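Here's the structure, in structure tokens; my notes come after.
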Amino acid sequence: MATPEALEGWFAARGFAPAAFQREAWTAQAEGRSGLVNAPTGRGKTLAVAGGPLRGALADAPTAPQLLWITPLKALAEDTRRALQAVAEGCGAMQAIPASAGARAGKPAPLRVGLRSGDAGSAERARARRGADAWLVSTPESLSGLLSHGDTAEALSRLRWLVVDEWHELLGSKRGVLLQLAIARLRALNPGLRVWGVSATVGNPDEALAALCPDPRDPRRPHPDAVRIVDPRPKPIELATLLPATGERFPFAGHLGLKQLPRVLQAILAAPSSLLFTNTRAQAELWHQALAAVWPEDPSTLALHHGSLDANLRRAAEDGLRAGRLRCVVATSSLDLGVDFPDVAQVLQVGSPKGVARLVQRAGRSGHRPGEPSRVVAVPSHALEIVEYAALRRALADGRLEPRLPPRLCLDVLAQHVVSCAVAGPTDADALLAEVRGTHAFAGLADSAWTAVLAFVERGGEALQHYPEYRRVERDASGRLVVTDRRQQLRHRLSIGTITGDGHLTVQLLKGGRLGSVEESFLGRLNPGEVFQFAGRALELVQLRDMTAYVRIAKTKAGNVPRWAGGTLPLSATLGEAVQAELAGQGGEGGEGPERAASAPLRALQSRLSALPAPGRLLAEVIATRDGPRLFVYPFAGRHVHEGLAALVALRLGRLAPNTFTLAANDYGFVLAPHTKRGFAALGLDAAMLRRALSPEGLQDDLAASLNLSELARRQFREVARIAGLLPPSLPGRAPRSLRSLQASSSLLFDVLRQHDPGHLLLAQAEAEVFEAQLDATRLRATLDAAARAGLVLATPPTLTPLAFPLWAEQQRGTLSTEDWKARVERAAALLEDAHGD
DNA sequence: GACCTGCTGCGGGATG
């Protein structure tokens, strides 16, 4: 029989002593506490949170299931299962777990680590439901699925430990909200459950802890017994920026960064292996194509990885990297976390990482071994991004990181959870409400909101109550919530989860496998015979059928790259402020890198032509361009906020003198172009007038008036309705529903509700999300408040300034000629040859 | 008048 010392022995046998933070976590776990562990990747966080359960398994021989481990990714779940099994076997815990209730008595079961995710087979699923395995690894969605089975409650009530891995990834999304609700359920089943999280460093650690271990008396604060354990050893990040040579022209705008191709290739060839991160899938395809054109080695050593590629292609890239067969992988956020790559020597980031935390996350993909620094090569694609990297270097040195804000009061997610509970078995509504209010996400939930959620799951709400398909939840004789109809149960289990997104066509080779998926709208515009670039190759469209695009490898190399309509990554507030400070020369003394010197000419030019923005000084410029006057404003608050602000200011200026404006926004600011030629002169625009246009007063009403809110809400409604279970789920194994069919049913529902039930909770939810998620209203208000306090500088430079130029270019988009992509690559290749020739 | 964006993630279950 193994002993608790076996854990220490396991370490000792491998020649290293447990780190202080690991011991600290084990001690807290032994005291029966819950908590959160913060440490950089590759620092033994897994062992820190597995140590307590493992010791328990060695000492007390508890009944299975003992531990449930949640990860945000299926691939990570599989990796974790293997790692945990190895640890358990290595510690001699194999004999420790007595047979579970269902198994034959007398024979102890080995400490088996099970897997319950969408990829698990039916035998594995059955084991999970019985609680047959001592440890179980799963995803948030699969946990909700498990909880929707009444017969798992008994097994789950024996659970002693819950671990949430990569909590920072879930914390800020509805997936995290769903998990909070599931955890509340597990706590109700077993009040003694210990909950541990593992997270990268975030800017709001207390909130991260509270969302996982809420104080029952005030769920928006952490439980008084919960601990946060931090690995204090720094994980150094070496930042090297590829800067233009002295005197070299560097673009003031543009995001592709291909001008840097020769330098990037040089950097890649100088290291044994690299990950090249881009911000978008299209950009990844283009960079892969550009690199392939000048790749001096075996073509099979260069690979591509992004979220729209088929799982098999992605796995091939991951395996190749792990086996050391690949020299470079071009990737998007799809490789931000998950699979371990011990051998990546360096990470390259093309363009702006948009936030400090994202750079840290990506940097963490290199230098995985303890004591090794992470190496990042920054590839700015235009001049202002050099300033961004100067700011990033300072922020890294100061340890400033973005918060991940946990969403609150998502009634669509709550509705889904209530149905899950009722599907599992008769549920007392009052008890459930108390449980729900005990989470960070639903602390202080109003009685009226709860009533509306119940009305919705029981009848669909007022307008839909005559349609039987929206009557999902019934009441049993004692008034408890139940779902007895088996079709409804199945349908509900199919629609568990908060991830939405459809309208994608599968791309399939006529001879061969699936390559991935592409936006319906992109392929819909192509005719058979036309060529496009995808999955790193030129493909010819043969035909479209059943939501599948059949393709063959094209003979020609030309072709457009699909654009995916993805989310947008606005510049974070933390980075925006750092950039402002950097521009103003307030970046801080000491430790500055070469970026500051390299960006000095830009700052000098901006200062000479206009003025420099600064924290507490909002800069606006009116510039007479060839096409007429333009108003530029630079709050550095990210693209979303600027889009809202541009519409707001346009509305308010238009009230003073009727006019219409063309708007454009980027991460640094926005521009207004009046349609009438006299424009701002006719307005007599001055600082005082602009200040009024930027006033926080009447914000909500003016925003609503300035934007087509109902159209925005209509789109958001589809996501909300899907999560709340109002739209039929697509069935596994069948072709996904087309965007048009989904839009039709969601749009119809939207109109019905608007007309007959305008107070419906899902409409309110959709509108709230337009404000919060799309417009970033909280940040927008904060920006206006700051602007109201800040000094406003209205400059009238004689010509476009470095800050104005990218916005001007953005506005010109589409009106100017397109440069041939191939010519561009050839030019870059020629540059590279020149560089070699030197 | 230097130039062309837009991420990631998951998911039934009973029966032969």
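All heavy atoms count here, side chains included; hydrogens, waters and symmetry mates do not. All values derive from a computational prediction rather than experimental measurement. Order of the sequence lines fixes the chain letters, A, B, ..., with proteins taken first and strands second; residue numbering starts at 1 for each chain.
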- Are OP1 or OP2 of B/dG11 and a side-chain N or O of A/Ser142 less than 4.0 angstrom apart? yes

- Query: Whole Å only: how far is the CD1 atom of A/Ile499 from the C1' atom of B/dC7?
  - Reply: 12 Å

- Query: Could you give all pairs that pass the salt bridge (Lys or Arg N to Asp or Glu O under 4.0 Å) test and reach residues 797-809 of chain A, with sequence neighbours left out?
  - Reply: none

- Phosphate contact (B/dC7 OP1 or OP2) by A/Arg281 side-chain N/O below 4.0 Å: yes

- Message: Rounding to an integer number of Å, can you tell me how far A/His492 NE2 sits from B/dC10 C1'?
- Response: 14 Å

- Message: Under the rule for ring pair (Phe, Tyr, Trp, His ring centres under 6.0 Å), what residues qualify as partners of A/Phe632, not counting sequence neighbours?
- Response: none

- Could you pull out all residues at least two apart from A/Leu663 that satisfy side chain to side chain contact (heavy atoms under 4.5 Å, CB included)? A/Ala646, A/Ala647, A/Ala650, A/Phe661, A/Leu672

- Would you please confirm or rule out a distance under 4.0 Å between OP1 or OP2 of B/dG9 and any side-chain N or O of A/Arg314? yes

- Item | Side-chain (A/Ser333) to main-chain (A/Asp336) donor-acceptor, under 3.5 angstrom | no

Sort me out a list of protein N/O and nucleotides 13-16 of chain B N/O pairs below 3.5 Å, or just none if empty.
from	atom 1	to	atom 2	distance (Å)
B/dG13	OP1	A/His149	NE2	2.4
B/dG13	OP1	A/Arg493	NE	2.8
B/dG13	OP1	A/Arg493	NH1	3.4
B/dG13	OP2	A/His149	NE2	3.3
B/dA14	OP1	A/Arg129	NH1	3.4

- Query: Closest to the A/Leu73 side chain: B/dC7, B/dT5, B/dC10?
  - Reply: B/dC10

- Rounded to the nearest angstrom, tell me the gap between atom CG in A/Leu609 and atom C1' in B/dA2. 13 Å

- What is the distance from CG of A/Leu147 to C1' of B/dG12, rounded to the nearest Å? 16 Å

- A/Gln489 side chain vs A/Val483 backbone, donor-acceptor pair below 3.5 Å: yes

- Query: Rounded to whole angstroms, how far apart are CG on A/Leu179 and P on B/dC10?
  - Reply: 14 Å

- Query: Would you say a side-chain N or O of A/Thr139 is under 4.0 Å from OP1 or OP2 of B/dG11?
  - Reply: yes

- Task: Could you list all the salt bridge (Lys or Arg N to Asp or Glu O under 4.0 Å) pairs where at least one residue sits in residues 115-125 of chain A, not counting sequence neighbours?
- Result: A/Lys74-A/Asp119, A/Arg112-A/Glu124

- The side chain of A/Phe805 lies closest to which of these nucleotides: B/dG11, B/dG9, B/dA2? B/dA2

- Heavy atoms under 4.0 Å, any strand shown: does A/Thr498 hit a base, just sugar-phosphate, or nothing? nothing

- Note on the structure: Taking B/dG11, B/dC3, B/dT5 as options, the one with an atom nearest any side-chain atom of A/Lys74 is B/dG11

- Provide, to the nearest angstrom, the distance between the CG atom belonging to A/Leu143 and the P atom belonging to B/dG11. 11 Å

- Taking O4'-C1'-N9-C4 for purines and O4'-C1'-N1-C2 for pyrimidines, is B/dG12 syn (within 90° of 0) or anti? syn

- May I have the distance from A/Glu166 (atom CD) to B/dT8 (atom P), rounded to whole angstrom? 17 Å

- Note on the structure: Per atom distances to the A/Thr280 side chain, the nearest of B/dT5, B/dA2, B/dG12 is B/dT5

- Is the shortest side-chain N to carboxylate O distance from A/Glu141 to A/Arg175 below 4.0 Å? yes

- Query: So which one's nearest nucleotide on DNA chain B is more toward 5', A/Ile623 or A/Arg358?
  - Reply: A/Ile623

- Task: Round to a whole Å and report the spacing from CD of A/Glu141 to C1' of B/dT8.
- Result: 12 Å

- Message: So if I take every side-chain heavy atom of A/His306 and compare against B/dG12, B/dG9, B/dT8, which nucleotide ends up nearest?
- Response: B/dT8

- Query: What pairs with A/Arg127 under salt bridge (charged side-chain N to carboxylate O under 4.0 Å, His left out), at least two apart in sequence or on another chain?
  - Reply: A/Asp133

